[in-house]
Amino acid sequence: MKFYIKNMVCVRCKMVVEFELKKLGLRLTLIELGKAETTGPVSVEKIKRFKQALLKSGLELLENKKNILVEKIKNVVINMICYTDNKLKTNFSDYLSEELNLNYTYMANVFSAEQGNTIEHFIILNKIKRAKELIGYDELNLTQISLALNYSSVAHLSNQFKKVTGITPSRYKLLSA
């Protein structure tokens, strides 16, 4: 059975989901951001208990198809920004369409309707969040960070950073030191 889980965005979340499924005696066959699969049928009672356990950990079992799609989009974006070192060879809209095998316009419309914001805005916010983390680690310079986050230039990163945070990346680095 496939489970789609909201707010499952890190390794720790995956560990929580795995623990809760095993606690229910279910055999896990796959676990990735936003998704877990088990073998065989799962009783309504076990699903109910799993749902309650997830809520206690800040996670949520998704059952609505549009919510599931939004979570899939979020997970692809977060995975690309935070957990992949590969340089994008295409733009994010084509990348999302390819990863989820869906029309981008359809995904964008569903995402906007469900989230009240665009996919592009979600991508920008997560790229800036990741840039802040990388600046805080103080291991990469701004050029390296802009390349790692698939920006066309340091100026592009700096402009988006300032638009989102109100300060430049350099100023942020001084304030967080």
Side-chain angles (χ1 to χ4, degrees), residues 1-90 92-104 106-108 110-137 139-140 145 148-150:
M1 178 168 193
K2 290 182 184 178
F3 296 101
Y4 294 95
I5 302 151
K6 184 176 183 176
N7 300 326
M8 189 176 162
V9 296
C10 65
V11 174
R12 187 171 289 145
C13 296
K14 287 168 64 173
M15 290 169 53
V16 167
V17 170
E18 184 176 1
F19 174 78
E20 293 299 339
L21 287 170
K22 285 182 178 178
K23 196 164 81 172
L24 291 170
L26 300 173
R27 196 169 138 252
L28 195 64
T29 57
L30 172 90
I31 189 159
E32 54 190 42
L33 295 181
K35 181 179 173 183
E37 288 184 28
T38 60
T39 56
V42 180
S43 71
V44 173
E45 179 58 32
K46 284 188 179 184
I47 293 171
K48 184 179 173 184
R49 289 181 17 219
F50 182 53
K51 193 175 187 176
Q52 291 169 341
L54 290 177
L55 285 172
K56 289 178 184 174
S57 298
L59 303 172
E60 183 181 337
L61 188 61
L62 296 172
E63 298 168 280
N64 173 304
K65 287 185 181 201
K66 288 182 179 179
N67 289 336
I68 290 169
L69 175 57
V70 167
E71 204 60 24
K72 283 181 179 180
I73 293 167
K74 287 180 175 182
N75 287 322
V76 168
V77 169
I78 290 167
N79 201 28
M80 183 61 208
I81 292 169
C82 298
Y83 303 111
T84 305
D85 292 331
N86 300 338
K87 178 85 172 133
L88 262 186
K89 294 173 179 65
T90 183
F92 259 111
S93 57
D94 291 340
Y95 179 76
L96 277 171
S97 292
E98 189 177 301
E99 283 293 306
L100 297 176
N101 201 26
L102 290 168
N103 175 282
Y104 182 77
Y106 170 72
M107 289 188 292
V110 169
F111 192 93
S112 295
E114 296 295 312
Q115 293 296 121
N117 227 325
T118 65
I119 293 173
E120 181 183 10
H121 186 70
F122 181 78
I123 291 168
I124 291 167
L125 290 177
N126 279 279
K127 286 172 86 170
I128 298 307
K129 180 180 175 185
R130 181 68 176 148
K132 288 164 79 175
E133 289 173 4
L134 293 172
I135 290 167
Y137 296 153
E139 295 173 1
L140 303 174
I145 291 171
L149 296 175
N150 292 299

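Residues: numbered from 1 along the sequence shown.
Taking every heavy atom of both residues into account, Met8 and Glu71 meet most closely at N-OE2, 4.2 Å. The two residues Ala36 and Leu21 make their nearest non-hydrogen contact at CB-CD1, 3.9 Å. Shown here for Leu102 and Met107, the closest heavy-atom pair between the two residues is O-CE, 3.7 Å. Minimum interatomic distance between Met80 and Asn150 (heavy atoms only, all atoms of both residues): CE-ND2, 3.7 Å.
Side-chain contact between Phe111 and Lys74: present, with at least one pair of heavy atoms (C-beta onward) separated by less than 4.5 Å. Leu96 has its side chain within reach of Val77: a pair of non-hydrogen atoms, C-beta onward, lies under 4.5 Å apart. Contact check for Phe3 versus Leu61: side-chain heavy atoms found under the 4.5 Å cut-off. Between Leu24 and Thr38, the closest side-chain pair of non-hydrogen atoms is not below 4.5 Å. Proximity of His121 to Gln115: side-chain heavy atoms (C-beta onward) are nowhere separated by under 4.5 Å. Side-chain contact between Cys13 and Asn7 is absent, with no heavy atoms from C-beta onward closer than 4.5 Å. For the pair Cys10 and Tyr83, the minimum side-chain heavy-atom distance is below 4.5 Å.
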For Ile47 and Met1: C-alpha separation, side-chain torsions, deciding distance, then whether side chain to side chain contact (heavy atoms under 4.5 Å, CB included) applies. CA-CA 10 Å; Ile47 293 171; Met1 178 168 193; 3.5 Å; yes

Under the side chain to side chain contact (heavy atoms under 4.5 Å, CB included) criterion, do Val76 and Tyr95 qualify, and how do the steps go? CA-CA 9 Å; Val76 168; Tyr95 179 76; 3.6 Å; yes

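Crowding of Gln52 atom CD: a count of heavy atoms from other residues, nucleotides or ligands under 6.0 Å exceeding 12. For Glu32, the CD atom is densely surrounded, since the number of other residues' heavy atoms within 6.0 Å is greater than 12. Atom NZ of Lys14 has more than 12 neighbouring heavy atoms from other residues, nucleotides or ligands inside a 6.0 Å radius.
Atom CG of Asp94 sits about 10.0 Å away from atom CG of Leu88, to the nearest 0.5 Å. Distance CG/Leu55 to CG/Leu59: 8.5 Å, rounded to 0.5 Å. Taking CG of Leu69 as the start and OH of Tyr106 as the end, the distance is 6.0 Å to the nearest 0.5 Å. One distance of note links CD of Glu20 with CG of Leu28; it measures 12.5 Å at 0.5 Å rounding. Interatomic distance, Ile5 CD1 to Leu54 CG, rounded to the nearest 0.5 Å: 5.5 Å. Here the OG-CD1 distance, from Ser93 to Ile119, works out to 9.0 Å after rounding to the nearest 0.5 Å.
Judged purely by atom type and a 3.5 angstrom limit, Lys6 has no side-chain atom pairing as donor or acceptor with the backbone of Glu60. Between the Ser97 side chain and the Asn103 main chain, no donor and acceptor come within less than 3.5 Å of each other. Remark: side-chain polar atoms of Asn75 are paired, donor with acceptor, to backbone N or O of Leu33 under 3.5 angstrom.
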